[in-house]
Amino acid sequence: MIEQRRGVWYLYGILILFTLWYIVASLVNLPIIPTPWIVMKNLLGIFVSKILIHGSYSLWRIVAGVILAVIIGVPAGLCMGYFPKWDRALSPIVYLTYPIPKIALLPIMMLLLGLGEVSKILMIFLIIIFQVIIAVRDGVKSIPKETYYPLYSLGATFGNIFREILIPASMPKFLTSIRVAMATAISVLFFTETFGTEYGMGYFIMDAWMRVNYLEMYSGIVVLSCMGLVLFGVIDYLDRKICHWQYK
Amino acid sequence: MIQIKNLNVTYEAMGEGYTALENINLELGAGKTCAIIGPSGCGKSTLLKVLAGIIKKYEGVVEINGQPITPMKQKIGFIPQNYGLLPWKNVYENIRLSAKIKNKKDSDHSRELDFFVQQLGLAGLEGRYPGELSGGQQQRVALARSFLLKPDLLLMDEPFSALDAMTREEIQNVFLDVWRKYSVSTILVTHYVEEALYLGQKIVILSGIPGSISTIIDNPLFGIDDIRNHQDFFQLSLALRKMIKEDWSK
Ligand SMILES: Nc1ncnc2c1ncn2[C@@H]1O[C@H](COP(=O)(O)OP(=O)(O)O)[C@@H](O)[C@H]1O
Ligand SMILES: [Mg+2]
């Protein structure tokens, strides 16, 4: 019931956006802003032949970067939150490297790691990992110490505490950090895909722009924003599935 | 057998030492119950935390059956003052937690678990989260968790405080049933003289500050059927109350 209603709200969002787009397109009345209907028709036409392959590449890079950031960032954040020594040792490194604009590292990474997948995935990874580390660390730090008492008195191992307390307690902040980082990750992905590749939504959109094919360009933009919608939707879904206790 | 000798506990607060417990000596035979009563802030929770292996920094000797407190080896059931439920686990998972961590191998407790759920009036609430329960319900979940563990030592910090009078009497009897069945050594903290008289074979009166033992009473009325309706019970609770009043006003 509630799931269905949520879907309806997404439809409302799409409808409002399309209406605004249509109004602007009608007012400007130039080929540079086509109406939504023509774009959607074009999108359907090229979906199988072009969009599918470019979209899959972009999605793979994002997902790979996020998973890598989670695999390394979550354990690091948990340990920094739980063991003050880890925090003292690692926080300065995190604070020093976090503010470096990652995009500025792109040329270096491309020189060192080549123009292929590795440098693109690493870029996404670098953008997401700091937010994950800090969110998870602060999530663990904000657990009241009384929460641990029943487990301490049961003689719980670190593994028990990890599973029963640290992970579930830091999960909400972790998901929020992924949410915040995701939008940045997608825009940076777009940028990296304009170099050294012939696949990905970034390449597709820039290529369409060079060819002055506005319809394809807009189709690409629509797909990119739908990808964002799907990724955010997945995170929201996980939030409801795993963290529903916090809304009680 | 629980043995406490010359126990001193000091908290570090704002760079200064603060003595919470001073020179505590207490002995409790295996399978006995002991009620601790004392004004708030006198160190009752601190004493339980030492016995639960949570406070490790103390002076003196604290032993269970001649062994120092080691939660890894002993089975200690501890119900903290705030019930100690994990907000991300539902009632069922919270109850199961103790047995899950302690009795890793034989993992089927479902029948006993159902029994305690029934006994403690939690049926129908198994799927709820602590945030959806009243204080009294949370308290009963914490009790179920500890009872299921069948601990060597049961520590309860004001375990019935959030229950209404009728439920409290019921749950106190559930506790006594469990205690009789498994003869669990129990130390409980309470604010009520009647509760101490009903549940404690020994009654320890603490006074503060710093917390120290002022009297230990062997309760002659413990374990008598329906004692709460006897004249003796009223008289002894009156006498005890008078004694405590004088003691704490010193
Ligand atoms: N973590 C702590 N740090 C410093 N002082 C504490 C801490 N915990 C308790 N105290 C102090 O120790 C005393 C005893 O506390 P507690 O054992 O909780 O009392 P009770 O349970 O009898 O009300 C109180 O005066 C309290 O302020
Ligand atoms: Mg207390």
Side-chain angles (χ1 to χ4, degrees), chain A residues 1-3 70 74 77-78 81-85 135-178 235-248, chain B residues 45-46 48-56 64 69-91 93-104 125 127-133 138 141-143 145-146 148-149 151-157:
Chain A
M1 217 21 217
I2 288 164
E3 289 298 314
V70 169
V74 170
L78 289 176
Y82 192 68
F83 302 112
K85 271 187 192 158
V136 170
R137 182 199 65 176
D138 292 349
V140 170
K141 276 186 174 174
S142 66
I143 301 170
K145 63 181 187 315
E146 287 83 10
T147 308
Y148 298 106
Y149 288 171
L151 269 86
Y152 286 159
S153 67
L154 288 166
T157 59
F158 180 64
N160 292 138
I161 290 172
F162 208 80
R163 254 195 320 279
E164 312 292 351
I165 294 183
L166 300 188
I167 295 210
S170 59
M171 194 52 80
K173 286 205 172 107
F174 161 72
L175 286 177
T176 301
S177 74
I178 295 271
I235 298 170
D236 278 1
Y237 175 78
L238 288 177
D239 196 10
R240 283 198 301 278
K241 272 275 155 245
I242 308 172
C243 304
H244 48 146
W245 55 269
Q246 65 165 339
Y247 305 114
K248 309 283 183 186
Chain B
S45 297
T46 306
L48 286 204
K49 281 181 207 160
V50 170
L51 286 161
I54 291 161
I55 294 179
K56 299 197 180 77
I64 303 180
I69 304 280
T70 341
M72 286 271 192
K73 294 196 188 126
Q74 292 131 352
K75 247 194 228 177
I76 302 170
F78 174 50
I79 305 180
Q81 204 164 354
N82 65 354
Y83 326 128
L85 303 181
L86 298 180
W88 42 84
K89 289 187 180 292
N90 64 26
V91 167
E93 295 161 338
N94 259 302
I95 297 176
R96 224 169 63 87
L97 183 71
S98 59
K100 185 178 166 193
I101 286 176
K102 209 65 205 187
N103 314 339
K104 280 152 194 142
L125 302 177
R128 291 219 202 159
Y129 288 84
E132 301 170 294
L133 299 175
Q138 292 186 43
V141 175
L143 287 164
R145 174 198 277 177
S146 292
L148 187 67
L149 182 67
D152 305 323
L153 174 59
L154 179 57
L155 304 165
M156 308 195 284
D157 201 342

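Just so it is clear: chains get the letters A, B, ... in the order the sequence lines come, proteins before strands, and each one is counted from 1.
Between B:I54 atom CD1 and A:Y149 atom OH the span is 6.5 Å, to the nearest 0.5 Å. Atom CG of B:L85 and atom OG1 of A:T147 lie 10.5 Å apart (nearest 0.5 Å). B:M72 contributes atom CE, which lies 11.5 Å from atom OH of A:Y152 (distance to the nearest 0.5 angstrom).
In this structure, chain A has a heavy atom under 4.5 Å from the side chain of B:L149, while its backbone stays farther away. For B:R128, no part lies under 4.5 angstrom from a heavy atom of chain A.
Under the side-chain hydrogen bond (donor to acceptor under 3.5 Å, both in side chains) criterion, A:D236 pairs with A:R179, not counting sequence neighbours. Residues forming a side-chain hydrogen bond (donor to acceptor under 3.5 Å, both in side chains) with B:Q81 (at least two apart in sequence, or on another chain): B:S45, B:E158.
The nearest pair of heavy atoms linking A:P150 to B:P80 is CG-CG, 4.4 Å.
Taking 4.5 Å as the limit, every side-chain heavy atom of B:K75 sits out of range of all side-chain heavy atoms of A:L154. Side-chain atoms of A:S153 and B:K49, non-hydrogen and from C-beta on, never get closer than 4.5 Å to each other. Side-chain contact between B:L86 and A:L151: present, with at least one pair of heavy atoms (C-beta onward) separated by less than 4.5 Å.
In terms of non-hydrogen atom pairs under 4.5 Å with chain A, the most contact-rich of B:L97, B:T70, B:I79 is B:L97.
Taking the six-membered ring where the residue is Trp, B:W88 and A:W245 present perpendicular rings, their angle passing 60° and hence far from 30°.
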